[in-house]
Amino acid sequence: MMKEGARVAVTGGIGSGKSFVCERLEARGIQVFYCDDVAKQLMRERKDLQRRLTRLVGEDLYIDGRLNKGVMARFILASAENAQRIDQIVHPAVAKAFINSPLRWMECAILFESGFDRLVDKIIYVDAPLETRIERIMQRDGISRAKALEWIHRQMAPDEAKRRSHIVIFNDGIADIDTQLDKILGPPKTP
């Protein structure tokens with residue numbers, strides 16, 4: 001059972017179904033801080049981040065004040081160093097936003113890589129078979145199998161992430177997520 005007031009992270013590789021697990025948490029009344037959404041919001045709204053990112057990536061990163069996602073993706077995928085340099089700009093702002101928020105739960109795909117594991121008490125890893133993940137990514141993003149695998153291989157190996165997590169939820173599309181959450185949180189409270 002999860003201790004009351006604990007800070008908890010939900011993580012897992014791309015295509016594992018972290019967002020679905022978080023939807024099930026929200027159905028129980030648990031509000032979730034979505035690191036990726038907050039990062040995008042901060043990159044859209046904070047002029048200081050926009051200036052630093054533009055200096056790093058190039059003048060075409062923002063067009064009429066809007067983030068050019070294709071330019072950002074190409075820059076990140078070009079090298080691990082590029083991704084790290086983006087992270088050094090964005091991650092501290094996201095971490096500060098979480099710490100200053102009233103929310104106790106976060107969803108973060110790159111929890112360990114970002115160092116955000118230090119911000120929480122418990123870590124739930126969402127696991128899914130590789131082929132299931134590839135299919136989900138291809139369908140969701142409309143990309144090729146090769147591109148989906150490229151994104152998957154940019155993340156920490158599942159075995160290492162599971163080893164560093166406290167709890168594993170299996171999300172193959174068949175296993176019941178709510179039953180697994182009941183074991184972690186207890187049954188949902190009825191109004």
Side-chain angles (χ1 to χ4, degrees), residues 1-46 49 67 69 87 90-130 132-143 148 151-152 154-156 158 161-162 164-191:
M1 291 285 231
M2 199 65 63
K3 191 170 73 175
E4 186 75 28
R7 286 189 185 255
V8 182
V10 176
T11 192
I14 184 171
S16 64
K18 297 176 299 300
S19 296
F20 179 74
V21 170
C22 288
E23 285 174 19
R24 301 310 309 145
L25 289 168
E26 289 177 341
R28 293 170 177 251
I30 296 172
Q31 291 183 293
V32 179
F33 179 97
Y34 292 90
C35 290
D36 194 43
D37 292 345
V38 171
K40 289 173 185 170
Q41 178 186 354
L42 293 171
M43 288 188 290
R44 265 193 324 268
E45 296 175 359
R46 289 212 9 211
L49 290 181
L67 181 66
K69 293 177 190 172
D87 293 346
V90 178
H91 288 175
V94 176
K96 185 175 182 180
F98 176 67
I99 291 166
N100 291 333
S101 86
L103 303 181
R104 312 296 295 169
W105 287 72
M106 79 159 61
E107 186 269 357
C108 184
I110 54 171
L111 183 77
F112 301 109
E113 298 92 330
S114 66
F116 287 8
D117 56 316
R118 293 187 302 265
L119 304 176
V120 297
D121 305 303
K122 291 286 181 188
I123 300 166
I124 298 173
Y125 183 83
V126 181
D127 193 21
L130 178 61
T132 302
R133 293 174 60 200
I134 292 168
E135 289 173 25
R136 287 173 179 167
I137 298 163
M138 289 171 59
Q139 184 175 10
R140 180 191 70 195
D141 297 344
I143 60 174
W151 281 108
I152 286 171
R154 290 229 171 232
Q155 293 183 319
M156 179 180 284
K162 284 190 277 190
R164 294 174 64 178
S165 299
H166 301 97
I167 299 164
V168 176
I169 289 179
F170 192 63
N171 185 19
D172 62 353
I174 299 168
D176 188 313
I177 299 302
D178 289 316
T179 300
Q180 294 177 74
L181 289 175
D182 287 348
K183 290 178 184 172
I184 298 166
L185 303 169
K189 296 176 178 53
T190 54

field: Stepwise side-chain contact (heavy atoms from CB on, under 4.5 Å) test for V10 and V32
entry: CA-CA 9 Å; V10 176; V32 179; over 6 Å; no
field: Trace of the side-chain contact (heavy atoms from CB on, under 4.5 Å) decision for E23 with I177
entry: CA-CA 10 Å; E23 285 174 19; I177 299 302; over 6 Å; no
message: Walk me through whether M106 and V94 qualify under side-chain contact (heavy atoms from CB on, under 4.5 Å).
response: CA-CA 11 Å; M106 79 159 61; V94 176; over 6 Å; no
- request: Begin with the C-alpha distance, continue with both residues' side-chain angles, and end with the deciding distance and a verdict on side-chain contact (heavy atoms from CB on, under 4.5 Å) for V90 and L42.
  value: CA-CA 8 Å; V90 178; L42 293 171; 5.8 Å; no
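Shown here is Q31, whose CD atom has no more than 12 heavy atoms of other residues, nucleotides or ligands within 6.0 Å.
Not counting sequence neighbours, Q139 has no partner by the side-chain hydrogen bond (donor to acceptor under 3.5 Å, both in side chains) test. By the side chain to side chain contact (heavy atoms under 4.5 Å, CB included) test, D127 is found to be paired with Y125, K162, V168, F170, residues two or more places apart in sequence or in another chain being considered. Residues passing the ring-ring contact (aromatic ring centres under 6.0 Å, His included) test with F33 are F98, sequence neighbours excluded.
We find the CD1-SG distance between I110 and C35 to be 8.5 Å, quoted to the nearest 0.5 Å. The distance from atom NE2 of H91 to atom CD of E113, rounded to the nearest 0.5 Å, is 8.5 Å. Rounded to the nearest 0.5 angstrom, K183 NZ and D178 CG are separated by 12.5 Å. K122 NZ to D117 CG: the interatomic distance, rounded to the nearest 0.5 Å, is 14.0 Å. Taken to the nearest 0.5 Å, the CG atom of L181 stands 9.0 Å off from the CG atom of D176. Interatomic distance, L111 CG to I123 CD1, rounded to the nearest 0.5 Å: 5.0 Å.
Two residues are said to be in side-chain contact when any heavy atoms from C-beta on lie closer than 4.5 Å; V8 and I30 fail this criterion. When side chains are defined from C-beta on, R136 counts as touching N171, because their heavy atoms get closer than 4.5 Å. At least one side-chain heavy atom of L25 sits under 4.5 Å from a side-chain heavy atom of W105. Side chains of F112 and T11 form a contact here, defined as non-hydrogen atoms less than 4.5 Å apart.
Between the side chain of R133 and the backbone N or O of I14 there is at least one donor-acceptor pair closer than 3.5 Å. Within the 3.5 Å criterion, the main-chain N or O of G5 finds a donor-acceptor partner in the side chain of R104.
Salt bridge R28/D182: present, at least one basic N to carboxylate O contact under 4.0 Å.
Q155 and G13 make their closest contact through OE1-CA, 3.3 Å (heavy atoms, listed as atom of the first residue, atom of the second, distance). Counting all heavy atoms, side chain and backbone alike, I99 lies closest to R7 at O-NH2, 3.8 Å. Across all their heavy atoms, A93 and R46 have their closest contact at CB-NH1, 3.6 Å. Here the shortest heavy-atom pairing between I137 and A148 reads CG2-CB, 3.8 Å.
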